[in-house]
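Heads up, the thing below is written out as structure tokens.
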Amino acid sequence: MRVTTKSDYALRALIEIAATDDGAPISADELGRRQDIPKGFLQAILADLRRVGILTSVRGKSGGWRLTKPAAEVSVADVIRAVDGPLVSIYGQRPENVSYDSTADSLQQVWIAARYSLRDVLEHVSIAHLAEKSLPEAVTDKVAIEDAWNPH
């Protein structure tokens with residue numbers, strides 16, 4: 001899996017919004033400053049997140065951005081899909097839509113299994129988990145495996 005800059009920035013911005021103590025909207029300028037995200041790029045990301053209903057914009061002097069629902073209801077997978085599309089794609093297609101000749105047809109099953117494994121983590125980690133620095137046990141168990149930290 002390759003995490004794009006766009007997904008990374010989107011997640012960092014949402015963590016920042018969720019971590020706001022008073023729940024007041026945060027301006028794009030402030031989000032960009034706090035997370036060192038270029039303003040133009042951030043504006044496009046925030047618009048993507050608004051389009052799928054994760055964020056709403058608040059106009060006015062004290063305006064900015066806020067979550068449309070509790071941070072616990074927004075998963076990492078939701079965010080990645082919102083800004084980058086499907087978690088796994090092969091030549092721009094979903095794994096179930098890819099076909100191979102008979103000598104390589106088992107490759108499709110590998111892509112399906114890989115997608116399932118990604119979803120097993122990314123759909124169970126919410127923005128609230130990240131903002132509270134309290135990841136689900138299933139994730140911390142995986143991180144505790146020494147081999148998880150080794151690049152292969």
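Residue numbers run from 1 in the order of the sequence given. Side-chain atoms are counted along with the backbone in the values below, which use heavy atoms only and exclude waters and symmetry mates.
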Locate the shortest heavy-atom distance separating Asn97 from Gln108; write the atom from each residue and the value.
-> N-NE2, 4.3 Å
Taking His124 for its side chain and Val121 for its backbone only, find out whether a donor-acceptor pair lies under 3.5 Å.
-> no
When rounded to the nearest 0.5 angstrom, what distance separates NE2 in His152 from CG in Asp147?
-> 3.5 Å
May I ask whether Val110 and Tyr116 are part of the same hydrophobic cluster, defined by side-chain heavy atoms of I, L, V, M, F, W, Y residues being less than 4.5 angstrom apart, directly or through others?
-> no
How far apart are the closest heavy atoms of Ala19 and Ala131, and which atoms are they?
-> N-CB, 4.2 Å
For Asp84, all residues meeting side chain to side chain donor-acceptor pair (under 3.5 Å), sequence neighbours excluded = Thr4, Ser7
Going only through I, L, V, M, F, W and Y residues with side-chain contacts under 4.5 Å, is there a path from Val58 to Ile45?
-> no
Salt-bridge test for Glu16 and Arg33: reply yes if a basic N is under 4.0 Å from a carboxylate O, no otherwise.
-> no
Sub-4.5 Å side-chain heavy-atom contact between Trp65 and Leu46 | yes
Could you go step by step and tell me if Ile26 and Arg66 meet the side-chain contact (heavy atoms from CB on, under 4.5 Å) rule?
-> CA-CA 7 Å; Ile26 302 176; Arg66 70 164 47 134; over 6 Å; no
Within the distance-only criterion (no hydrogens, no angle test), does the side chain of Ser89 pair as donor or acceptor with the backbone N or O of Arg94 below 3.5 angstrom?
-> no
Please tell me if the side chains of Ile127 and Glu73 come closer than 4.5 Å, counting only heavy atoms from C-beta onward.
-> no
Could you give the distance from CG (Leu130) to CG (Leu135), rounded to the nearest 0.5 Å?
-> 6.0 Å
Option passing side-chain contact (heavy atoms from CB on, under 4.5 Å) with Leu122 (candidates Val79, Leu87, Asp78, Val139) | Leu87
State which residues pass side chain to side chain contact (heavy atoms under 4.5 Å, CB included) with Pro38; sequence neighbours excluded, sorted by chain then number.
-> Tyr9, Phe41
Salt-bridge contact Arg115-Glu96 (side-chain N to carboxylate O under 4.0 Å) | yes
Of all the heavy-atom pairs spanning Ala71 and Ala18, show the shortest one and how long it is.
-> CB-CB, 3.8 Å
Gap between atom CG of Leu31 and atom CG of Leu14 - 0.5 Å precision | 8.5 Å
Only counting residues at least two apart or in another chain, list the ones meeting side chain to side chain donor-acceptor pair (under 3.5 Å) with Asp8.
-> Arg12
Can you establish whether the number of heavy atoms outside Asn150 located under 6.0 Å from its atom CG is more than 12?
-> yes
Shortest non-hydrogen separation from Glu123 to Ser75 and the atoms involved | O-CB, 3.7 Å
At what distance, to the nearest 0.5 angstrom, does CG of Leu67 lie from OG1 of Thr56?
-> 10.0 Å
Single-linkage hydrophobic cluster, 4.5 Å side-chain cutoff, Val125 and Val52 together = yes
Indicate, with yes or no, if Val88 and Ile112 share a hydrophobic cluster defined by side-chain heavy-atom contacts under 4.5 Å among Ile, Leu, Val, Met, Phe, Trp and Tyr.
-> no
Side chains of Thr103 and Asp101, donor plus acceptor under 3.5 Å | yes
Give, for atom CD1 of Ile80 and atom CZ of Arg119, the distance between the pair rounded to the nearest 0.5 Å.
-> 13.0 Å
Approximate separation, where rounding is to 0.5 Å, of Leu42 CG and Lys39 NZ | 9.5 Å
Should we say atom OH of Tyr100 is surrounded by more than 12 heavy atoms from elsewhere, each under 6.0 Å from it?
-> yes
Side-chain heavy atoms under 4.5 angstrom apart, residues restricted to Ile, Leu, Val, Met, Phe, Trp, Tyr: same cluster for Met1 and Ile145?
-> no
Heavy-atom closest pair (Trp111 atom, Pro95 atom, distance to 0.1 Å) is CB-CB, 3.8 Å
Is Thr68 reaching over with its side chain to a backbone N or O of Gly53, donor-acceptor style, under 3.5 angstrom?
-> yes
Ala72 and Ser126 have their tightest heavy-atom pair at O-CB, 3.5 Å
